[in-house]
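Note that the coordinates shown come from a computational prediction; the quantities given were computed from them, not determined experimentally.
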Amino acid sequence: NKKMKKLVTILLAAIMSVAACFALTACGKSSDLETVKKNGKIVVGVTLYEPMDYLDAEGEWTGFDAELAKEFAKELDVNCQIVIITWGQKVAELNAKQIDLVWNGMTASDELGKEIDFSVSYAKNAQVAIVKNDSAITTKEQIKSAKVAVESGSAGNAVATEEQFANVIPVTAQVDAINEVIAGTSDVAIIDITMAQSVIGKGKFSNLKVVENVSYGDEIFAVGLRKGSDIKEKLDAFLKAKYKDGTLSALAEKYSVGLNVKALES
């Protein structure tokens with residue numbers, strides 16, 4: 001029977017295709033860890049965000065997250081390649097495998113957790129409001145009606161949506177939001193408290209201040225990975241080990257970052 005033979009041939013071809021697919025590690029879903037080791041590098045996506053990831057006087061990456069990322073790469077016996085990404089495109093860049101991790105003081109929100117995986121949380125954060133020293137803005141109500149600059153896709157952006165700010169100006173990075181206030185094109189910038197503690201009132205930001213008694217939410221920081229990435233197990237173990245040996249505490253003191261001790265001790 002020709003029809004029966006044809007059907008059997010088609011079925012056999014389908015079975016062979018499926019088997020081949022599994023042989024290639026689940027239809028192309030290759031091990032991230034194996035790929036990183038094969039390439040000899042792990043690519044870490046960041047933005048310029050002091051004190052987490054920024055360039056020192058020699059143009060080298062430094063900061064709380066940058067130091068940790070380099071240490072993690074050493075543990076994997078690969079190089080650490082830190083690259084600047086557009087924050088609003090972080091999920092797309094992860095999924096396109098242009099980067100392996102997002103390690104940049106990233107808030108582990110439930111919404112973002114639907115799209116990517118998170119490492120164990122290692123630090124704490126909140127959002128604060130930045131204004132010029134001579135600003136009359138002192139309350140959340142005044143901020144609601146002001147021109148407010150936020151980094152697109154950030155926790156600050158989420159605050160603007162939740163608080164229903166009337167006039168939101170999205171920018172590429174947190175430092176751009178601060179520069180909006182310096183330029184007078186925005187009245188307020190909403191940024192991470194870690195960044196505010198590190199730069200506001202100093203150097204080029206000496207004419208700025210944090211609005212007293214105004215903050216938004218308690219957040220936790222985690223490293224972002226592709227969904228199902230097998231790097232997560234190694235990364236979680238690394239972060240907990242670095243807490244236990246005192247490395248995280250030393251870096252936290254160096255860069256004025258609050259640790260999420262409860263998660264790290266679990």
Side-chain angles (χ1 to χ4, degrees), residues 44-72 80 82 84 87 101-109 118-133 149-151 154-156 158-159 173-179 181-182 188-224 238-265:
V44 180
V46 306
T47 61
L48 287 169
Y49 170 10
E50 192 172 342
M52 308 309 277
D53 296 292
Y54 61 101
L55 299 168
D56 64 17
E58 285 74 45
E60 296 294 326
W61 283 104
T62 189
F64 184 87
D65 281 345
E67 287 202 37
L68 278 175
K70 290 176 183 179
E71 280 294 314
F72 182 55
C80 181
I82 297 177
I84 293 178
W87 196 243
L101 303 173
V102 179
W103 205 328
N104 192 224
M106 181 175 64
T107 300
S109 67
F118 295 122
S119 70
V120 62
S121 170
Y122 59 92
K124 298 183 293 184
N125 189 43
Q127 298 298 304
V128 293
I130 307 302
V131 296
K132 285 185 176 178
N133 285 333
V150 298
E151 179 186 46
S154 69
V159 165
Q174 291 192 87
V175 70
D176 297 329
I178 304 172
N179 285 331
V181 178
I182 291 175
V188 183
I190 302 295
I191 67 169
D192 292 329
I193 193 172
T194 48
M195 186 178 200
Q197 290 171 334
S198 180
V199 305
I200 298 304
K202 304 171 187 175
K204 65 176 287 191
F205 305 124
S206 59
N207 65 331
L208 302 179
K209 65 180 180 181
V210 177
V211 179
E212 289 185 16
N213 302 316
V214 171
S215 67
Y216 301 91
D218 292 320
E219 304 160 15
I220 53 173
F221 283 163
V223 183
F238 165 81
L239 289 169
K240 290 183 178 183
K242 289 302 171 182
Y243 171 69
K244 288 178 182 176
D245 71 11
T247 301
L248 274 178
S249 297
L251 288 175
E253 185 174 351
K254 179 180 178 180
Y255 293 106
S256 299
V257 173
L259 296 179
N260 188 9
V261 173
K262 186 176 179 181
L264 293 166
E265 287 181 342

message = Go through it in stages, so that I can follow the logic: the residues are Ser215 and Ile193, the test is side-chain contact (heavy atoms from CB on, under 4.5 Å), and I'd like the CA-CA distance, side-chain angles, deciding distance and then a yes or no.
response = CA-CA 9 Å; Ser215 67; Ile193 193 172; over 6 Å; no
message = Assess the residue pair Tyr243 and Val261 against the criterion (side-chain contact (heavy atoms from CB on, under 4.5 Å)); give the C-alpha distance rounded to whole Å, side-chain angles, the decisive distance to 0.1 Å, and a yes or no.
response = CA-CA 8 Å; Tyr243 171 69; Val261 173; 3.1 Å; yes
ask   = Hey, mind stepping through Val257 and Met52 against side-chain contact (heavy atoms from CB on, under 4.5 Å) and telling me if it holds?
value = CA-CA 9 Å; Val257 173; Met52 308 309 277; 3.8 Å; yes
request  = For the pair Asp65 and Val223, evaluate side-chain contact (heavy atoms from CB on, under 4.5 Å) and give the outcome as yes or no after the intermediate values.
outcome  = CA-CA 9 Å; Asp65 281 345; Val223 183; over 6 Å; no
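One side chain, Tyr49 or Asp192, offers a donor N or O that lies under 3.5 Å from an acceptor on the other.
Across all their heavy atoms, Val181 and Ala189 have their closest contact at CG2-N, 3.5 Å. Between Ile130 and Val210, the shortest heavy-atom distance links the atoms CD1-CG2, 3.7 Å. What you find for Ala126 and Gly217 is that their closest heavy atoms are CB-O, 3.1 Å. Scanning both residues, Ile82 and Ala66, for their nearest heavy atoms gives CD1-CB, 4.1 Å. The minimum heavy-atom distance linking Gln127 with Val159 is given by the pair CG-CG2, 3.9 Å.
Taking the side chain as every heavy atom from C-beta outward, Lys204 and Asn179 approach each other to under 4.5 Å. A heavy-atom distance below 4.5 Å is found between the side chains of Glu71 and Phe238. Counting heavy atoms from C-beta outward, Trp61 and Val46 have side chains that approach closer than 4.5 Å.
Listed by chain and number, the residues in a ring pair (Phe, Tyr, Trp, His ring centres under 6.0 Å) with Phe118 amount to none (sequence neighbours excluded). Residues passing the side chain to side chain donor-acceptor pair (under 3.5 Å) test with Asp53 are Asn104, sequence neighbours excluded.
Here CZ of Phe205 is found 6.0 Å from CE of Met195. Values are rounded to the nearest 0.5 Å. With values rounded to the nearest 0.5 angstrom, Ile191 atom CD1 is found 4.0 Å from Ile178 atom CD1. One finds the CZ atom of Phe72 at 11.5 Å from the NZ atom of Lys242 (value rounded to the nearest 0.5 Å). The distance from the CG atom of Leu259 to the CD1 atom of Ile220 is 13.0 Å, given to the nearest 0.5 Å. Taken from NZ in Lys70 to SG in Cys80, the straight-line distance is 7.0 Å, to the nearest 0.5 Å. Note that CD1 of Ile182 is 5.0 Å distant from CG of Leu208, once rounded to the nearest 0.5 Å.
Note on ring orientation: taking the six-membered ring where Trp is involved, the planes of Tyr122 and Phe64 are parallel (angle under 30°, cut-offs 30° and 60°).
The environment of CG in Asp56 is crowded: more than 12 heavy-atom neighbours from other residues, nucleotides or ligands sit within 6.0 Å. In the displayed structure, Lys124 atom NZ is contacted under 6.0 Å by at most 12 heavy atoms of other residues, nucleotides or ligands.
Screening residues 244-258 for side-chain hydrogen bond (donor to acceptor under 3.5 Å, both in side chains), with sequence neighbours left out, gives Thr62-Tyr255, Glu67-Lys254, Glu67-Tyr255, Asp245-Thr247.
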